[in-house]
Amino acid sequence: MNTLPPRTPSYAPIRIRIRVLPDSPGTLSRVRAEVRDRLGTWGWPDERADDVVQVVSELVGNALRHTGGEARVRLTRTSDGVDVEVADFHGRLLVLRRPADGDGGHGLHLLDLLTTNWTVEQHTTGKLVRAHIRR
């Protein structure tokens, strides 16, 4: 009996890659605009797109601020949301800080709040932060 191969579901992963150069004026606003534009083409509701944009902005901002180098962003559409990956090329570990009054330290707490889960992979050449956000 012959069977047809399974059809590729409409939610097959679609990826976008963004290369972020060292921190310069307008870098984060350009990244946010590219992410928002892609989410719009995927039909994401605005309120959920805001969460994805916030997570990407936080991760890229931290990568640029604390490593002084470049970062790479990848968004992957999944069946129930989007995977966000931000890679940097510096071995500095992420540190969970107690938020100071108006002086930062909120980033990882924000990830906990806005994502389903997130992980960090440490490599000899840097690290990769992955986060999943449900639609």
Checklist entry - In Å, rounded to the nearest 0.5 Å, how long is the span from CG of L128 to OG1 of T119? => result 7.0 Å
Checklist outcome for this item: Contacts of R130 meeting salt bridge (Lys or Arg N to Asp or Glu O under 4.0 Å) (sequence neighbours excluded), chain-then-number -> E85, E121
Checklist entry - What do the steps show when you test T76 against V82 for side chain to side chain contact (heavy atoms under 4.5 Å, CB included), and what is the final call? => result CA-CA 5 Å; T76 304; V82 67; 5.7 Å; no
Next on the checklist: List the residues meeting salt bridge (Lys or Arg N to Asp or Glu O under 4.0 Å) with R134, not counting sequence neighbours, and say none if there are none.
Outcome noted: D80
Next on the checklist: Measuring only between side-chain heavy atoms, which start at C-beta, is I133 closer than 4.5 Å to T116?
Outcome noted: no
Checklist entry - How long is the gap from CZ on R48 to CH2 on W42, to the nearest 0.5 Å? => result 14.0 Å
Item to check | Partner set under salt bridge (Lys or Arg N to Asp or Glu O under 4.0 Å) for D50, not counting sequence neighbours | outcome: R36
Checklist entry - Are W44 and R135 close enough that some pair of their side-chain heavy atoms sits under 4.5 Å apart? => result yes
Checklist entry - Can you tell if the side chain of N62 reaches within under 4.5 Å of the side chain of D88, non-hydrogen atoms only? => result no
Checklist entry - When you look at V129 and V84, which way does the side chain to side chain contact (heavy atoms under 4.5 Å, CB included) test go after all the steps? => result CA-CA 8 Å; V129 181; V84 173; over 6 Å; no
Checklist entry - Is the closest side-chain heavy-atom distance between T115 and V55 below 4.5 Å? => result yes
Item to check | Audit row: R72, V86, side chain to side chain contact (heavy atoms under 4.5 Å, CB included) steps and yes/no | outcome: CA-CA 6 Å; R72 291 205 176 111; V86 176; over 6 Å; no
Checklist entry - Is the closest side-chain heavy-atom distance between L111 and L59 below 4.5 Å? => result yes
Checklist entry - For D83, which residues count as a salt bridge (Lys or Arg N to Asp or Glu O under 4.0 Å) partner, sequence neighbours excluded? => result none
Checklist entry - When rounded to the nearest 0.5 angstrom, what is the spacing between CG in D46 and CG in L39? => result 10.0 Å
Next on the checklist: Please evaluate residues R30 and E34 with respect to the criterion salt bridge (charged side-chain N to carboxylate O under 4.0 Å, His left out), reporting the C-alpha separation (whole Å), side-chain torsions for both, the decisive distance (0.1 Å), and the verdict.
Outcome noted: CA-CA 6 Å; R30 181 180 62 82; E34 286 186 48; 2.7 Å; yes
Checklist entry - Going by heavy atoms in the side chains, are W118 and D112 under 4.5 Å from each other? => result yes
Next on the checklist: Run the side-chain hydrogen bond (donor to acceptor under 3.5 Å, both in side chains) test against S57 and tell me which residues pass, sequence neighbours left out.
Outcome noted: R32
Item to check | L114 and Q54, any side-chain heavy atoms less than 4.5 Å apart | outcome: yes
